[in-house]
2 protein chains.
Amino acid sequence: MRTLKYAILGLLNRRPMTGYDIGKEFNYELSEFWYAKHSQIYPELKRLAKEEFVTYDIEISGDILEKKQYSITEKGQKELLMWLHKDEIIEKTPKDVFRLRMYFSNNLDLESRIHLLESQKMQHKKRLYALQKILEQYPVVPDYNSDRFGDFIILEGAIIRQESLLKWLDKCIDYCKKAQEEK
Amino acid sequence: MRTLKYAILGLLNRRPMTGYDIGKEFNYELSEFWYAKHSQIYPELKRLAKEEFVTYDIEISGDILEKKQYSITEKGQKELLMWLHKDEIIEKTPKDVFRLRMYFSNNLDLESRIHLLESQKMQHKKRLYALQKILEQYPVVPDYNSDRFGDFIILEGAIIRQESLLKWLDKCIDYCKKAQEEK
DNA sequence: TGTAGCATGTAAGCAGTTACATGATTAC
DNA sequence: GTAATCATGTAACTGCTTACATGCTACA
């Protein structure tokens, strides 16, 4: 599928960047649904350049340090647009280690289950607060033609997802506590 | 992390199974958060047997066909319990190609965006109905010590996740339609 | 002058998918 | 007889992670 290819093309379509910059992007909002390490980014950029979807200029920073500033080509833009238009069937539901653990949780005593659930809840709550903090920076829905529109709707999606996760964890905690009382 | 290892141990802890049976389990409820192809299952079973976490008996089905009925060993059960008790930090948020597409959706006209969003909505609605149908088979919360408890809470989690996804898609569709009106 | 961050790359290995390969059993 | 399903495996490849490897720049 080469999704990383399109993630990079999408970013370069916003503005020219170095591989290092792309790596940083994968640590901000984008990290809510895509990411890659530099060891994957650099080879992919090399490949994209070879395929002529991107080009680069070497810039000198300071006295010696060479930076490769990558930009998307016309061919790359066409490729990106083609991918964006694709109407594909929904993906398989993502793998989730914690849910797997809970699937087999009947092997744990109720105290352990509650402990694990509460620990997850605390961590996910923190993440939710962080996301809500970012959302505060958007007083209104950004213009539908700006980059900010994508940033905004994805952020809202992440918040909704996080809230529903907390809702589920609460429900599980509730079941366990009720079982404890009945015992 | 070898998560497949624990997924298999958890299943064999419920009842002895063949590799083929395990493959089928990965197509039912379990598929909401874990799965594997037979080409990954068979080598893993072989490895688990070598590590003495599982054993197998060869059964003859019909005249010739050999079936390997795998069971978990005591060592395997200990290993599984150790893993179940682990309280780990939350995982990175899962990758999501559709969200990536929407992140870059400012490059699409509003009609295309709405079309893509509606297509996702329809598909996810179908999946939600299917999940709700399964939930109907649980008139009450199953006993907390039975396998069914795990099945049940994971099913509820899948439904909540699915509902929240639809909520987000609706929100996005709404933004696009409003932008269309303003145009 | 030291350290955090900028900057770029390669190599080994694990996890997972697709394709290759084979054959038996059951039920119609 | 034939098709669907049961049943087990291997090989090649893609995607991704961890570790190895190097060196510069800005700032305190």
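Labels below follow one simple rule: chain letters A, B, ... track the order of the sequence lines, proteins then strands, and each chain is numbered from 1. The structure presented is a predicted model; accordingly, all values stated were derived computationally and were not measured.
The CD atom of B:Glu66 sits 14 Å away from the C1' atom of C:dT22 (whole-angstrom rounding). One atom, CZ of B:Arg2, and another, P of C:dG13, lie 17 Å apart when rounded to the nearest Å. When rounded to the nearest whole Å, the span between OH of B:Tyr42 and P of D:dA11 equals 17 Å. Atom pair A:Lys24:NZ and C:dA4:C1' shows a separation of 13 Å (rounding to whole Å applied). In this structure, B:Arg47 places its CZ atom 17 Å from C1' of D:dT10, rounding to the nearest Å. If you take NZ of A:Lys67 and P of C:dG5, they are 17 Å apart, rounded to a whole angstrom. Rounded to a whole Å, the CD1 atom of A:Ile8 is 12 Å from the P atom of C:dT8. Atom NE2 in B:His38 sits about 14 Å away from atom P in C:dT22, given to the nearest Å.
Proximity of A:Lys37 to the phosphate of D:dG15: no side-chain N or O atom is located under 4.0 Å from OP1 or OP2. Phosphate contact (OP1/OP2 of C:dG16, side-chain N/O of A:Lys95, threshold under 4.0 Å): present. The phosphate of D:dC16 has OP1 or OP2 within less than 4.0 Å of a side-chain N or O from A:Gln40. For D:dT10, one of the phosphate oxygens OP1 or OP2 lies less than 4.0 angstrom from a side-chain nitrogen or oxygen of B:Lys46. Listed pair A:Lys68 / C:dG9 meets the phosphate criterion, a side-chain N or O lying under 4.0 Å from OP1 or OP2.
Remark: B:Arg113 is positioned above the aromatic ring of A:Phe149, its terminal NZ or CZ atom under 6.0 angstrom from the ring centre and at most 45 degrees off the axis. At least one cation-pi condition fails for A:Arg99 and B:Trp34: the charged atom is not both under 6.0 angstrom from the six-membered ring centre and inside a 45 degree cone around its axis.
Under the 6.0 Å cut-off for aromatic ring centres, A:Tyr175 and B:Phe152 qualify, their centroids lying closer than that.
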message = As a quick check of understanding, evaluate salt bridge (Lys or Arg N to Asp or Glu O under 4.0 Å) for B:Glu29 and B:Arg148, giving each step before the final call.
response = CA-CA 11 Å; B:Glu29 288 115 27; B:Arg148 304 278 283 167; 5.9 Å; no
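Side-chain N/O atoms of B:Thr18 and base N/O atoms of D:dT8 include no donor-acceptor pair closer than 3.5 Å.
Take the nearest nucleotide of DNA chain D for A:Thr3 and for B:Ser39: the residue whose nucleotide is more 5' is B:Ser39. Heavy-atom distances to DNA chain D give each of B:Tyr20 and B:Lys92 a nearest nucleotide, and the one nearer the 5′ end belongs to B:Tyr20.
When every heavy atom of A:Leu135 is checked against every heavy atom of A:Ile159, the shortest pair comes out as CD2-CD1, 3.8 Å.
A:Ile114 and A:Met122 fall into different hydrophobic clusters, where Ile, Leu, Val, Met, Phe, Trp and Tyr are joined by side-chain heavy atoms under 4.5 Å apart, directly or via other members. Tracing side-chain contacts under 4.5 Å through hydrophobic residues (I, L, V, M, F, W, Y), one reaches B:Ile173 starting from A:Leu155; they form part of the same cluster.
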Between the protein and nucleotides 24-28 of chain D, which nitrogen or oxygen pairs come in under 3.5 angstrom?
| residue | atom | partner | partner atom | Å |
| --- | --- | --- | --- | --- |
| D:dC24 | O3' | A:Leu65 | N | 3.4 |
| D:dT25 | OP1 | A:Ser61 | O | 2.9 |
| D:dT25 | OP1 | A:Asp63 | N | 2.7 |
| D:dT25 | OP1 | A:Ile64 | N | 2.9 |
| D:dT25 | OP1 | A:Leu65 | N | 3.3 |

